[in-house]
Amino acid sequence: MNAIVKLASLETKMFFRDRLSVFWTFLFPVVMIWLFGSMFVGDNMSQKAFAEYFVPSWIGVNIVTTSFFTLGTVLTNYRETGVLRRYQSTPLQPWKILAAHTFQGTVIFAISAVLLLVFGMILYDLTLPTYIGSTLLSLLISILAFFPFALFLTSLAKNAQSAAAISSLFLNLMLFLSGATFPLEMMPTVLQYAAKILPLYYVIQLLRGTWTEAPITEYGFEAAVLIGIAIVFVVLAVRFFRWSGK
Amino acid sequence: MESVISVKNLSKNFGVTRAIKNLSFTVYKGEIFGIIGPNGAGKTTTLEILEGISVPSGGDVEVLGLNPSKQLRELNKKIGVQFQATSIQKKMKVKEALDLFSSFYEGPTQKDYLIDLLGLREKMNVKFDDLSGGWKQRVTLALATLHEPEILFLDEPSMGLDPSARREMWSLIRLLRDRGSTIVVTTHYMEEAEQLCDRVAMIYSGQLKALDTPRDLLNEGVADCLAINSAELSREYLLSLPGVERVEHEQDEFKVYCDDQQTTAYHILTHCQEKGIRLTGFKFEKGSLDDLFVQYLEKEKIG
């Protein structure tokens, strides 16, 4: 147990040592909200309606960027530079490494989520989620689904470049097809179905829903899909953990 | 003597490449066992099989009574490994690394002892990436020995170190052996094998070529030589002397490899004295593992 706590706190501490990456990680989502705000807020959409639509979406997108770009990239780099290889000859088990990085990712994600929330409240009259307990629970499920999903997919990459390629592909697909940026209703039926294959769709349904409409109990199907993804990919990520790029 | 590692008829294939062919040896408790050979000879692959990271294609391997690739977790509690090309997190401080790796092992570690022994106290707050090569080696050596491992595997421990740092590294390794660890070390520096190892296995293209103490290897394998400088000596004359195996010749310098240095020296000196041949240099030279190595490689080419 001690090893997980030590590793988790060290990894988190080391993330904040890299000032530049801290700056960009937290600036990006806020800038995106501001950009979309200047596009959409106007005659058709009030500030509050915009915020209630886009802030939960971008919090969802942030789970994706954190899981692929922060966690996935870090572990791929560790795999390439032999950091994981070094662990392989100690009694440290793979699940502890994954758990420690999940903790690190959760801290980084939580900070950017709070930033988005505060930014939305100040600029666009956003209020706290109506069913705040449900929203927090939804976030937890989403993290547990996405972190192992991204950790497993990026572990298939041979090196940092291909991990970045995998990550960009998934991020872009999900950005445009999950309703995070453009409302799904604008899209052809085929794409609306395609959206439902992507896990981010369910995250965003849960977050938007619990923010304004109803508690999580009304979103049993969405929650179940994410829990299913979580179970499958935790098993895959631990079982097929790769210590080195070879 | 108690054996801690036993390897029988080990082989390892990577696709069609046969990296290791029918390798057998035993390592005894408390010795410094060297695995030497040129780059690409199969040293690191052998080490990785012993460490349980790599699965052998054939043969039997037993390390501390365990099957390394099948009982890796159990083995990892008892062994320490210093890899050739691994790193720890760049932004991790020395203090943090020692703390972290200590937490991987149950029970107390010899962290404080190692900090003093390796002189790490002054570097505790330095990030790993900011350390020089020699200090990095010290830190990774400390990480490998925190839990007082029964066997310590070192892959090219003095690679990239300057001569004085290399000597310090040797004395540290000897000290760790004296504290009870068995040490398996790979190197391509023959000098290192000669100075450091109790026994040496010489590997070339995945096969064991020789296995003995450095001294015995040298005694059997390499004829010692006489280094002579003279403008007037002929190679043919030197080769005609009894007991001379071969003569290397470059400009005025001759290297005469022979069974008995003293007798051959006597012949040459008498001959030169009688004929009035002028010698400008005359030296007894001990053969080194380097020479032995070259000799094996040459045999390989001829055979």
Side-chain angles (χ1 to χ4, degrees), chain A residues 1-23 25 70-71 73-101 103-105 108 159-160 238-246, chain B residues 14 44-45 47-48 50-55 63 68-69 71-93 95-107 109 127-130 136 139-141 143-147 149 151-155:
Chain A
M1 205 55 210
N2 194 17
I4 299 192
V5 176
K6 279 243 161 72
L7 191 57
S9 64
L10 259 179
E11 287 295 344
T12 312
K13 222 193 261 176
M14 285 190 287
F15 171 79
F16 287 99
R17 270 183 201 157
D18 189 352
R19 306 261 171 233
L20 206 63
S21 97
V22 171
F23 177 75
T25 305
T70 309
L71 298 194
T73 313
V74 167
L75 275 164
T76 308
N77 174 268
Y78 283 1
R79 203 167 278 122
E80 237 181 339
T81 54
V83 172
L84 296 183
R85 193 63 188 284
R86 185 65 200 77
Y87 288 151
Q88 193 182 6
S89 284
T90 70
L92 187 69
Q93 298 124 292
W95 72 267
K96 292 185 177 171
I97 300 172
L98 294 171
H101 281 271
F103 174 83
Q104 181 211 33
I108 295 166
N159 53 41
V238 173
R239 176 69 186 78
F240 295 104
F241 186 83
R242 290 169 69 231
W243 298 96
S244 65
K246 277 192 226 160
Chain B
F14 295 106
T44 301
T45 309
L47 214 58
E48 283 177 351
L50 297 179
E51 293 157 1
I53 294 174
S54 188
V55 185
V63 179
S69 57
Q71 294 164 290
L72 185 58
R73 275 205 69 211
E74 210 43 51
L75 184 70
N76 281 338
K77 294 177 187 167
K78 298 179 176 182
I79 64 167
V81 179
Q82 186 184 35
F83 290 96
Q84 190 183 131
T86 60
S87 148
I88 56 170
Q89 287 87 331
K90 289 189 175 118
K91 290 195 163 55
M92 197 184 275
K93 292 177 183 168
K95 181 176 61 184
E96 294 167 338
L98 291 169
D99 254 3
L100 177 67
F101 278 76
S102 294
S103 76
F104 296 164
Y105 300 97
E106 288 164 19
T109 60
K127 289 176 197 145
F128 188 72
D129 208 28
D130 297 336
K136 280 182 182 160
V139 172
T140 52
L141 185 64
L143 295 179
T145 44
L146 281 168
H147 53 300
I151 304 180
L152 182 59
F153 293 97
L154 307 170
D155 198 358

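The figures here come from the full heavy-atom set of this structure, side chains too, leaving out hydrogens, waters and symmetry mates. Every chain is numbered from 1 and lettered A, B, ... according to where its sequence line falls, protein lines coming before strand lines.
- Other residues, nucleotides and ligands place no more than 12 heavy atoms under 6.0 Å from the NZ atom of B/Lys90.
- A/Ser89 contributes atom OG, which lies 9.0 Å from atom CD of B/Glu48 (distance to the nearest 0.5 angstrom).
- Residue B/Leu75 does not touch chain A at all, counting heavy-atom pairs closer than 4.5 Å.
- Defined by atom type and a distance below 3.5 Å, a donor-acceptor pair is missing between the side-chain atoms of B/Glu51 and A/Gln88.
- Note: B/Phe104 leads B/Tyr105, B/Phe101, B/Phe104 in heavy-atom pairs under 4.5 Å with chain A.
- Remark: A/Lys13 NZ to B/Met92 CE distance equals 9.5 Å, nearest 0.5 Å.
- Using a 4.5 Å cut-off between heavy atoms, A/Leu7 touches chain B through backbone and side chain atoms alike.
- For B/Phe153, no part sits under 4.5 Å from any heavy atom of chain A, backbone or side chain.
- Atom CG of A/Asn2 is separated from atom CD of B/Glu106 by 11.5 Å, given to the nearest 0.5 angstrom.
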Acceptor/donor pairs from residues 15-22 of chain A side chains to any protein atom, 3.5 angstrom cut, sequence neighbours excluded:
residue, atom, partner, partner atom, Å
A/Arg17, NH1, B/Lys91, O, 2.6
A/Arg17, NH1, B/Glu96, OE1, 3.0
A/Arg17, NH2, B/Glu96, OE1, 3.4
A/Arg17, NH2, B/Glu96, OE2, 2.6
A/Arg19, NH1, A/Phe16, O, 3.4

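- Closest of all the heavy-atom pairs between A/Ala3 and B/Leu100 is O-CD1, 4.4 Å.
- Of all the heavy atoms in A/Lys6 and B/Asp99, the pair that sits closest is CD-O, 4.0 Å.
- Contact annotation: the side chain of B/Ile53 approaches that of A/Arg85 to within less than 4.5 Å [non-hydrogen atoms, C-beta and beyond].
- Between B/Leu143 and A/Arg86 there is a side-chain heavy-atom pair separated by less than 4.5 Å.
- How far OH of A/Tyr87 is from CG of B/Asn76: 14.0 Å, rounded to the nearest 0.5 Å.
- Heavy atoms of B/Lys127 lying under 4.5 Å from chain A belong exclusively to its side chain.
- Heavy-atom minimum distance, A/Pro91 versus B/Lys77: CG-CG, 3.9 Å.
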